[in-house]
Colleague: 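Following this message is one structure expressed as structure tokens.
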Amino acid sequence: MMFLQKRDFNNTKSAAIILALISTTVIWPCAHADSRNWQKLQDQATAAYQNKDFTQAQTSFSAAIAEAQSLNDNEKLGRSLNGLAMMYDAQKQYDQARDAYLKAIAAKEKATSADSESLLPTLNNLAILDREQAKYPDAQSIYERTVSIEEKAHGADHPATAVALNNLASTLRAQAKFAEAEPLLQRCLAIMQKNYGANHPSVAKCLDNLGTLAKEQGNQELSEKYFQQATTIRQKDTSSSSVLVQSEKAESLTKMASLYRQKGEFEKAEPLLKEALSITEQSSGANSENSARALNNLAMLNRELGKFTAAEPLYRQSLKIRQTLNTDPEQIASSYDNLGSLFMETEKYDLAGPMFQKGLELRQAQGQSNPKGLQTSYNNLAELARDQGDVTKAIALARQSLAVAQQQKDANGDVAVSMNNLALLYKEQGDKGQTEDLFKQLVAMGEKDPNRDPVSYANNLNNLARLYRDEGKLADAEPLYKQSLALREKALGPQSAQVGATLRNYAILLRELNRGAEATAMDKRAEAIEDKQ
């Protein structure tokens with residue numbers, strides 16, 4: 001969960017203007033008039049941005065930038081550049097946005113210093129942009145800097161420092177660096193408790209984040225504990241009926257329900273999701289995006305329970321709300337995907353295809369602004385073709401997904417996902433050569449990538465090891481299983497379910513290598529892990 005939003009249009013502090021008395025015979029230019037002109041242009045640009053008149057916003061921001069440069073005022077220049085970057089960002093012109101953010105940071109550094117608090121809004125904006133583009137190492141570096149600045153400006157135990165710690169932890173978690181993220185979240189929690197008390201909404205946010213981290217590590221017991229504490233705090237909070245407070249109550253209920261779904265305790269999840277929907281409809285309105293999301297969550301649960309008849313109208317209602325709101329095309333496409341997946345499960349392929357196709361058309365209309373969405377559509381259509389027995393068509397669609405990923409900068413993760421899907425299709429088709437070649441490419445990509453996701457890399461090693469084992473290349477398979485096991489233990493913890501699965505696979509291989517004692521020891525370790533799940 002992120003605390004920060006993109007910001008910093010007009011947040012400067014008033015500054016006294018000190019005039020030196022030189023000589024009454026010297027006439028100086030009127031700096032006040034020039035500053036007022038810059039402020040006028042900045043205000044015009046801000047208003048245009050807020051009204052989504054991006055053409056006018058760009059014109060006014062550019063004029064404000066030129067005015068700030070003529071004044072040789074780096075503080076004003078930094079603010080105008082930040083505004084221009086936010087305008088590009090809002091239009092998903094990410095390369096232009098990043099360039100403008102970097103120029104804004106450089107200008108602000110000249111106006112103040114490299115560790116000035118005034119840099120924080122732009123640094124956070126750039127970090128959010130990098131996170132949205134999955135450039136997690138870049139975002140991590142920026143958030144490490146914001147933590148340092150906050151600590152210097154406010155102290156180690158200030159809530160602003162806690163927010164910076166949370167953002168850094170969130171970025172580490174996105175990279176599966178769980179061991180590094182956990183102490184930061186614990187520190188965030190301690191700071192919020194110290195400043196606000198044990199029952200403050202900010203404390204609940206920290207508990208939510210710790211619960212999510214524990215869930216991703218496979219520690220369901222600890223995750224439930226944190227989520228329950230957060231839910232209790234929010235249910236006791238009667239201080240406000242604002243949309244934000246109520247949406248956070250609904251969010252806590254949804255997180256708890258998600259955990260119960262993961263544990264297979266669907267009877268516990270259903271009343272929580274119904275309550276979350278009720279709260280959301282009352283606070284945000286029955287036809288809001290928040291309600292569409294809550295309907296979608298309840299539909300998903302019904303689908304998991306096999307209540308397909310109950311799920312379909314909920315999905316359709318969610319889609320209708322989004323179409324009426326004319327919301328983000330990606331949200332509408334996602335609703336089509338959900339209906340398509342529901343129809344696939346009930347083998348209504350004639351209904352599933354049009355849903356997936358509508359989602360694809362919406363995303364294609366957005367051009368290359370949402371490559372992840374395009375990949376999702378191609379992957380859905382590939383899965384549909386596979387389920388209908390047309391593996392050749394599925395492979396063609398999977399290749400389109402891979403092509404979209406390969407066209408993007410810094411998209412190794414997306415390339416890996418598409419490549420893995422394609423490899424599995426080739427394996428199903430019986431093309432061992434193509435399958436092995438793709439799995440080898442995946443492993444080679446991981447070896448060369450210093451910022452690789454260790455969990456995904458471990459999965460790729462495991463897949464190649466399994467392929468070698470099936471082909472009788474036992475000596476080639478063993479080091480891959482060994483490396484996969486070590487990576488999963490480090491990233492997920494020695495008691496995670498994925499570690500248990502690797503131990504089972506490794507044990508099978510060891511028996512084929514006539515190393516029965518080692519295999520038995522691994523099976524015992526796996527059994528101990530499975531008993532705790």
Side-chain angles (χ1 to χ4, degrees), residues 1-9 11 49 78-109 111-154 156 158-178 180-185 187-188 191-192 202 205-206 208-209 212-213 369-370 372 408-414 450-453:
M1 178 190 297
M2 301 291 289
F3 283 93
L4 290 174
Q5 300 294 324
K6 292 188 174 73
R7 57 191 175 93
D8 187 32
F9 275 119
N11 70 334
Y49 168 86
R79 287 172 56 197
S80 294
L81 283 164
N82 183 80
L84 182 68
M86 291 177 67
M87 184 215 66
Y88 284 132
D89 202 343
Q91 298 176 86
K92 300 182 179 181
Q93 297 176 13
Y94 298 129
D95 289 342
Q96 296 96 317
R98 196 169 208 282
D99 181 63
Y101 281 136
L102 290 171
K103 288 179 180 177
I105 291 167
K108 290 185 176 185
E109 286 174 334
T112 54
S113 66
D115 57 359
S116 170
E117 189 180 357
S118 67
L119 291 166
L120 288 170
T122 306
L123 286 170
N124 281 304
N125 288 348
L126 179 56
I128 293 170
L129 174 68
D130 284 340
R131 277 185 55 88
E132 289 171 346
Q133 293 187 281
K135 296 179 178 179
Y136 299 117
D138 291 334
Q140 177 184 333
S141 178
I142 296 168
Y143 280 137
E144 286 170 348
R145 186 177 176 187
T146 66
V147 170
S148 177
I149 293 172
E150 293 286 13
E151 285 179 329
K152 182 177 179 181
H154 299 111
H158 193 277
T161 301
V163 170
L165 289 166
N166 173 82
N167 291 334
L168 175 56
S170 178
T171 305
L172 290 166
R173 181 174 64 81
Q175 299 172 82
K177 296 180 179 180
F178 302 129
E180 295 177 52
E182 199 269 343
L184 298 181
L185 289 177
R187 186 179 162 198
C188 177
I191 293 171
M192 292 303 189
S202 294
K205 285 184 180 181
C206 294
D208 265 344
N209 292 344
T212 299
L213 183 69
S369 64
N370 183 19
K372 287 183 181 292
Q408 309 306 311
K409 295 179 181 178
D410 304 316
N412 284 350
D414 295 334
N451 302 313
R452 68 193 179 206
D453 175 356

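Treat the numbers as computed from the prediction; the structure is a model and nothing was measured.
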Colleague: Looking at His154 and Ala160, what are the two nearest heavy atoms and their distance?
Modeller: ND1-CB, 3.9 Å
Colleague: What closest approach, in Å, do Ala139 and Arg131 show between heavy atoms, and which atom pair accounts for it?
Modeller: CB-CG, 3.8 Å
Colleague: Quick one: CG on Leu102 to CG on Leu123, what's the gap to the nearest 0.5 Å?
Modeller: 9.5 Å
Colleague: Exactly one of Lys135, Arg98, Gln140 should register a side-chain hydrogen bond (donor to acceptor under 3.5 Å, both in side chains) with Asp130. Which one does?
Modeller: Arg98
Colleague: Sequence neighbours excluded, which residues qualify as salt bridge (Lys or Arg N to Asp or Glu O under 4.0 Å) partners of Lys103?
Modeller: Asp99
Colleague: If you look at every heavy atom in Asp453 and Gln175, which pair is closest and at what distance?
Modeller: OD1-O, 4.1 Å
Colleague: For residues Ala169 and Ala181, report the shortest heavy-atom separation together with the two atoms involved.
Modeller: O-CB, 3.6 Å
Colleague: Atom CZ of Arg173 and atom CG of Leu185: how far apart are they, to the nearest 0.5 Å?
Modeller: 8.0 Å
Colleague: Any chance you could measure Tyr49, atom OH, to Met86, atom CE, to the nearest 0.5 Å?
Modeller: 4.0 Å
Colleague: Within the structure provided, determine whether Thr161 and Arg187 are in side-chain contact (heavy-atom separation under 4.5 Å).
Modeller: yes
Colleague: With the side chain counted from C-beta on, respond yes when Ser116 and Lys108 share a heavy-atom pair under 4.5 Å apart, and no when they do not.
Modeller: no
Colleague: Within the side chain of Asp89, is there an N or O that forms a donor-acceptor pair under 3.5 Å with the backbone of Ala85?
Modeller: no
Colleague: Say you draw a straight line from CD of Glu150 to CG of Asn124; how long is it, rounded to the nearest 0.5 Å?
Modeller: 7.5 Å
Colleague: Start with the C-alpha distance between Leu84 and Met87, add both sets of side-chain angles, then the distance that settles side-chain contact (heavy atoms from CB on, under 4.5 Å), and finish with yes or no.
Modeller: CA-CA 5 Å; Leu84 182 68; Met87 184 215 66; 3.9 Å; yes
Colleague: Nearest 0.5 Å please: distance from the CG atom of Leu129 over to the NZ atom of Lys92.
Modeller: 12.5 Å
Colleague: Taking Thr171 for the side chain and Asn167 for the main chain, is one N or O donor matched with an acceptor at less than 3.5 Å?
Modeller: yes
Colleague: Hey, are the side chains of Tyr143 and Ile128 touching, using non-hydrogen atoms and a 4.5 Å cut-off?
Modeller: yes
Colleague: Identify the two heavy atoms, one from Cys188 and one from Ala162, that lie closest to each other, and give their separation to 0.1 Å.
Modeller: SG-O, 3.4 Å
Colleague: Report the C-alpha separation of Leu119 and Arg145 in whole Å, then their side-chain angles, then the decisive distance to 0.1 Å, and conclude whether the side-chain contact (heavy atoms from CB on, under 4.5 Å) test is met.
Modeller: CA-CA 10 Å; Leu119 291 166; Arg145 186 177 176 187; 3.5 Å; yes
Colleague: Give a yes or no on whether the backbone of Asn166 and the side-chain of Ser170 come within a donor-acceptor separation of less than 3.5 Å.
Modeller: no
Colleague: Please step through side-chain contact (heavy atoms from CB on, under 4.5 Å) for the pair Val147 and Leu184, ending with a clear verdict.
Modeller: CA-CA 11 Å; Val147 170; Leu184 298 181; over 6 Å; no
Colleague: Of the non-hydrogen atoms in Leu172 and Glu180, which two are nearest, and what is the gap between them?
Modeller: CD2-OE1, 3.7 Å
Colleague: What distance do Glu151 atom CD and Ile149 atom CD1 have between them, rounded to the nearest 0.5 Å?
Modeller: 11.0 Å
Colleague: Looking at Thr122, Ile142, Leu81, Asn82, which one forms a side chain to side chain contact (heavy atoms under 4.5 Å, CB included) with Ile105?
Modeller: Thr122
